[in-house]
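The structure appears below as C-alpha cells.
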Protein chains: 2
Amino acid sequence: MLHTLEQIAALAGVSRATVSRVVNGQPNVRQAVRERVMRVVEENHYAPHGAARSLARGESNNIGFMSWGNIADVLSNGYWSILAHGIAESCAAHEYFLTVLPAASSNDSSRQGILMSSIASGQFAGVVLSAQFGSDRSITMMKEMGVPMVCIGRKPAHADVPFVQPDNMGGAHMGTTHLLNLGHARVATITGPMNNIEAIERLNGYKLALSEVGISFDESLVMEGDFDEARGHDAAQALLKKHPSAIFCANDLTAMGAIRAAKGAGLRVPQDLSIVGFDNMPICELTTPPLTSVGQPIAEIGRSAIDLLVKQIARQRSDKNGGGLNGHAPSMLFPTQLMVRQSTAVFNPRSPHNRSPSPKPRKSRVQ
Amino acid sequence: MLHTLEQIAALAGVSRATVSRVVNGQPNVRQAVRERVMRVVEENHYAPHGAARSLARGESNNIGFMSWGNIADVLSNGYWSILAHGIAESCAAHEYFLTVLPAASSNDSSRQGILMSSIASGQFAGVVLSAQFGSDRSITMMKEMGVPMVCIGRKPAHADVPFVQPDNMGGAHMGTTHLLNLGHARVATITGPMNNIEAIERLNGYKLALSEVGISFDESLVMEGDFDEARGHDAAQALLKKHPSAIFCANDLTAMGAIRAAKGAGLRVPQDLSIVGFDNMPICELTTPPLTSVGQPIAEIGRSAIDLLVKQIARQRSDKNGGGLNGHAPSMLFPTQLMVRQSTAVFNPRSPHNRSPSPKPRKSRVQ
DNA sequence: TAGAGAACTGAGAGCGCTCTCAGTCTGTTG
DNA sequence: CAACAGACTGAGAGCGCTCTCAGTTCTCTA
C-alpha cells in the first residue's frame with residue numbers, strides 16, 4: 001500500500017528491475033539478492049500496484065461476468081448463485097479477478113452503452129455472459145472488439161461463440177422417459193419461455209421421448225411457463241383439466257408451482273400425479289414430497305466456462321506474440337443425471353383423477 | 001479498444017489534453033471543438049483504458065466484495081444472492097465495478113495472503129465484507145492499510161468498522177412475541193451458530209420477549225443450530241421431546257428443517273406446533289405450510305453497504321486533497337418486519353403433543 | 001590464468017492516461 | 001485602440017510497473 005517498486009528497490013539497494021524480477025519469480029537473480037529483496041518486500045507488506053502492472057503488461061487480470069440484471073428473482077432462485085460460485089472459484093484458481101457487470105436489458109441502451117465502453121476500455125481480459133441476458137447486439141460488438149468470451153448456454157445467432165450448457169435435450173428425454181417407464185401415458189409438460197433456447201431443447205427432449213415409445217405429441221398437454229413458480233402453478237392448474245397423470249417440468253421452480261397446484265386441486269403427489277423437475281436444486285430435497293429432478297452439474301458448468309475463457313485469452317495473447325496456432329474454441333455439453341425422489345410413482349389407474357378420459361396406461365417397467 | 005487518446009487526438013486535430021477534457025466532461029473546451037472530438041470518439045468507439053486512467057488518477061473504480069468462501073451451500077440458500085444483487089445494483093449506480101474476492105477461511109493463510117496483497121495492490125477503492133467470513137486478522141490488516149471498508153453485520157472486535165445489518169434483536173423479539181401473543185407458553189428456539197454475532201443477537205431478542213411477559217428462560221428449550229436445514233431438523237427433533245408448542249428459528253432454512261422434523265414426528269404445523277423463521281426468503285411462500293417469518297430488507301442492506309462505502313471513499317479522497325473534515329462513519333441498523341403466514345396459530349391445548357408436561361397456556365391475544 | 005560463455009544487474013523507454021502550468025486567443029473595457 | 005481578464009489549448013511531467021538491451025561479474029575450460 002505505502003510502497004512502490006522504486007522505494008523497495010532503494011531499501012534493498014538494488015534496481016527496480018531486480019525487484020520486479022523477484023516479485024514475479026523470474027530467474028537470473030542471485031540467491032542472496034533474492035532473499036534480501038524478499039525480506040524487504042515482506043517487511044513492508046509490499047504488493048505491486050495492479051493498475052500499473054496491467055498497463056505495463058498490456059493485459060488485464062480481470063474477467064467480467066455479465067449476467068446480473070435487475071432480475072432479483074432470477075438470482076434468488078439459487079441457480080445463479082451456484083453457477084456464480086463455480087465461476088468465482090475457477091477464476092481464483094486461474095488468478096483472475098471476477099467482476100460483476102450488471103447486464104443491461106436490450107432496451108436500456110444507455111446502460112448498455114456504459115457496459116460496452118467498460119468492456120472496450122480493456123479492463124477485462126475476457127467476458128462470461130449468459131445466453132439468457134446477453135443481447136445479440138452486445139455480443140456482436142464484443143466480437144468486433146475481439147474480446148474473448150464464453151456463453152453460458154447456446155446463443156443460436158452466434159454459433160461461433162463458445163458456450164457451455166447442460167445436455168438439455170438428453171436430460172428432458174431422460175426425465176420424460178422415467179415417467180413413461182412408470183407406466184404414464186398422459187405425460188404433460190410445462191415448458192420454459194419459448195424464446196429461450198434451453199426451454200426449446202428441453203421440449204424437444206420431451207417430444208423425442210414420447211415418439212420413441214410411439215405416443216403421438218399432444219399439443220393440449222403442453223403449457224408454456226417462464227421458469228418461475230407462479231407461472232408453473234397457473235400452467236399446472238390449466239393442465240390438470242386435461243387429466244394428465246404426470247407432468248414433466250422445465251425446471252424445479254416450475255415443478256414446485258405444479259406441486260402447489262396439484263395440492264390445491266386436492267390431488268396427491270405422486271399417487272394421483274407424478275411430477276419431474278429439472279436442475280436438481282438443493283430445494284428439491286425440501287419440498288413435500290421431495291422432487292424427482294433432472295440434475296445438471298451447475299457449478300462445474302460455471303468452472304468450465306472460465307476454463308474455456310482462460311484458454312481463449314491465452315491463445316489470444318500468444319497470437320499477438322507471433323504464435324499462429326488458431327482453431328476454433330470448443331463448446332461443452334454437460335451430461336445430466338436423473339435424481340429419483342418421491343414426487344414420481346408408478347401410474348395409478350385407481351386414482352380418481354385418472355379415470356376420466358381413458359388413461360390407456362402403459363405397461364410399467366420401472367428403471 | 002483499438003484506439004488510444006493519442007490517436008483520437010490526432011484524428012480530431014487536437015491535443016491529448018483536449019480529448020481528455022471532452023471525454024471527462026470538463027469545461028473549457030470550445031463547443032465546436034467539443035463536438036468534433038465527440039464525433040471522432042463515437043466513430044471509433046473509443047473508450048479510455050481503465051488501468052491507465054486508474055494509474056494516472058491514483059484511484060480505482062473497483063469495489064471488492066469479500067464474501068464468497070468455498071461455502072457453496074451458503075450461497076445456494078439465496079440470502080447471499082439477494083444481498084449481492086443489492087450490492088451490485090448500488091455499485092453500478094455509483095459507477096463502480098464490483099469485484100468478487102473469494103474470501104479465505106482463517107486457516108488458509110496462503111489464500112489469505114493472496115487476498116490481502118490483492119487488496120494492498122490498490123486495485124480496490126474499498127471493500128465490503130461479511131462479518132461471517134471476514135477474519136479478524138484481515139480486517140486488522142485492512143485497517144492498517146487504510147482501505148475503506150464496510151461490514152455486512154457487526155464485528156464485535158472491530159467496533160470502529162462501519163457496518164450494516166438488520167435489527168436482529170428487535171426482529172427476534174417481534175417473532176417471539178408473536179408466538180407468545182398467540183398463547184404459547186413453551187416457546188423453544190433453535191439458534192444460529194453461537195460464534196455468530198447475529199445469532200447471539202437473535203437469541204437475546206428471544207430472551208427479552210420471554211422476560212417481558214414474565215416467562216423465565218429455560219435453557220432446555222434452546223438448541224444451537226448453524227443456519228442450515230439439516231441441523232435445524234436435528235435440533236427440532238431433539239427439542240420436540242421437551243414438548244414445546246412453538247419454535248422460534250434463527251433463520252428460514254432452520255425453520256424448514258423444523259417443519260420437516262415436525263412432520264416426521266407426526267405433528268401438524270401449525271395445529272400441534274407453531275414455527276417462525278427469520279429472513280423472509282422467497283422460499284417462505286413455497287413451504288407447506290407457508291412460513292411465518294421475520295423479514296429483513298436484504299437487498300436494501302446490500303445497497304446501503306455500498307452507499308456507506310462510497311461515502312467513505314469520497315471522504316478519504318477529499319482528505320488527501322487537504323480537506324480535513326473527519327468524523328466517524330455511521331453504521332446502520334435496518335428494521336425488520338413480521339410476515340405472518342400459515343405456520344403459526346393460536347395455542348391448541350387439545351393437541352395431543354401439548355398434553356404432557358403441563359402446558360400452562362397463556363391467554364391468547366392475537367395481534 | 002586468459003578467454004569464452006553464462007549468469008546477473010541496471011538504465012531507460014515506454015504502457016495510456018491525467019493534470020498542472022504556461023501560452024494563445026478571444027472579447028471587453030477605459 | 002491599447003490593455004486586460006477570461007476562455008481556451010497544448011506541452012510535458014509523471015502515475016508504478018514491465019521488459020529489452022547493454023553492460024558487468026562469475027565460472028569454467030584450455
Side-chain angles (χ1 to χ4, degrees), chain A residues 1-38 40-41 44-61 117-118 120-125 317 320-322, chain B residues 1-38 40-41 44-61 117-118 120-125 317 320-322:
Chain A
M1 203 62 185
L2 302 149
H3 295 277
T4 74
L5 246 204
E6 187 92 45
Q7 295 169 341
I8 298 295
L11 252 44
V14 294
S15 72
R16 259 184 0 256
T18 298
V19 179
S20 177
R21 288 191 187 95
V22 172
V23 168
N24 292 295
Q26 285 167 5
N28 295 341
V29 178
R30 208 166 7 123
Q31 188 57 23
V33 175
R34 185 181 296 273
E35 279 165 10
R36 180 153 41 93
V37 172
M38 282 298 257
V40 177
V41 164
N44 294 281
H45 297 299
Y46 168 77
H49 185 107
R53 177 179 268 184
S54 288
L55 182 58
R57 290 217 252 235
E59 335 181 312
S60 159
N61 61 342
S117 68
S118 73
S121 75
Q123 298 229 12
F124 305 104
R317 286 179 182 166
K320 273 185 191 154
N321 302 340
Chain B
M1 202 64 186
L2 302 150
H3 296 277
T4 75
L5 246 206
E6 187 92 44
Q7 295 169 341
I8 298 295
L11 253 43
V14 295
S15 73
R16 260 186 356 259
T18 298
V19 179
S20 178
R21 288 193 187 94
V22 171
V23 167
N24 293 295
Q26 287 167 3
N28 294 341
V29 178
R30 213 173 353 135
Q31 188 58 24
V33 174
R34 187 181 294 275
E35 280 165 10
R36 181 152 41 95
V37 171
M38 282 299 256
V40 177
V41 164
N44 294 281
H45 297 299
Y46 168 77
H49 186 107
R53 176 179 271 184
S54 289
L55 182 57
R57 288 215 249 231
E59 343 182 304
S60 159
N61 60 343
S117 68
S118 73
S121 76
Q123 298 228 11
F124 304 104
R317 285 180 184 166
K320 272 183 192 156
N321 302 341

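Excluded from the calculations below are hydrogen atoms, water molecules and symmetry mates; all remaining heavy atoms, backbone and side chain alike, are included. Note that the structure is predicted; figures quoted are calculated from it, not measured. In what follows, chains carry the letters A, B, and so on, assigned in the order in which the sequence lines appear, proteins first and then strands, with residues in each chain numbered from 1.
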Candidates D/dC19, D/dG16, C/dT18 - which lies nearest the side chain of B/R57 = C/dT18
Report yes if some heavy atom in the side chain of A/S20 is under 4.5 Å from a heavy atom in the side chain of A/V23; otherwise report no.
-> no
Quick one: is C/dT18 close enough that its OP1 or OP2 comes under 4.0 Å of any side-chain N or O from B/R16?
-> no
Validation row: A/V40, A/H3 side chains within 4.5 angstrom (heavy atoms) | no
Any B/Y46 side-chain nitrogen or oxygen under 4.0 Å from OP1 or OP2 of C/dG16 = no
Compare side-chain N and O positions of B/S20 against OP1 and OP2 of C/dT18 and report whether any pair is under 4.0 Å apart.
-> yes
Winner on side-chain proximity to B/V14, out of C/dC17, C/dA11, D/dG10, is D/dG10
Calculate, to the nearest 0.5 Å, the distance between atoms CZ and CG belonging to B/R57 and B/N24 respectively.
-> 5.0 Å
Nearest-angstrom distance from the residue atom CD of A/E6 to C1' of C/dG12 = 12 Å
For A/N61 and D/dT18, give me the distance from atom CG to atom P, rounded to whole Å.
-> 12 Å
Per nearest nucleotide of DNA chain C, the residue lying toward the 5' end, A/A56 or B/A56, is A/A56
Please tell me which of the listed nucleotides, D/dC8, D/dG16, C/dC17, lies nearest to the side chain of B/T4?
-> C/dC17
Distance check: side-chain N/O of A/S15 vs OP1/OP2 of C/dT9, anything under 4.0 Å?
-> no
When the distance from CD of A/E59 to P of D/dT18 is rounded to whole Å, what number comes out?
-> 11 Å
Answer yes or no: is there a donor N or O on one side and an acceptor on the other, between the side chain of A/Q7 and the main chain of A/T4, under 3.5 Å?
-> yes
Rounded to the nearest 0.5 Å, the CG atom of A/N61 sits from the OG atom of B/S118 at a distance of 9.0 Å
Once you round it to whole Å, what is the distance between C1' of D/dG16 and CD1 of A/I8?
-> 12 Å
Would you please confirm or rule out a distance under 4.0 Å between OP1 or OP2 of D/dG10 and any side-chain N or O of B/T18?
-> yes
5′-ward residue of the pair A/R30/A/L5 relative to DNA chain D = A/L5
Side chains of B/V22 and B/M38: closer than 4.5 Å at any heavy-atom pair?
-> yes
Within this structure, what is the NE2-to-P distance between B/H3 and C/dC17, rounded to whole angstrom?
-> 12 Å
Report the distance from atom CZ of A/R34 to atom P of C/dT9, rounded to the nearest whole Å.
-> 9 Å
Would you kindly give the CG-to-P distance between A/N28 and D/dT18, to the nearest whole Å?
-> 16 Å
Atom CD of A/Q7 to atom P of D/dC17: distance rounded to whole Å?
-> 9 Å
Which nucleotide, D/dT9, D/dG16, D/dC17, lies nearest any side-chain atom of B/V33?
-> D/dT9
Starting at the 5' end of DNA chain D and moving along, which residue's nearest nucleotide shows up first, A/A51 or A/Q26?
-> A/A51
Look at A/N24 and D/dT18 and indicate whether a side-chain polar atom (N or O) is within less than 4.0 Å of OP1 or OP2.
-> yes
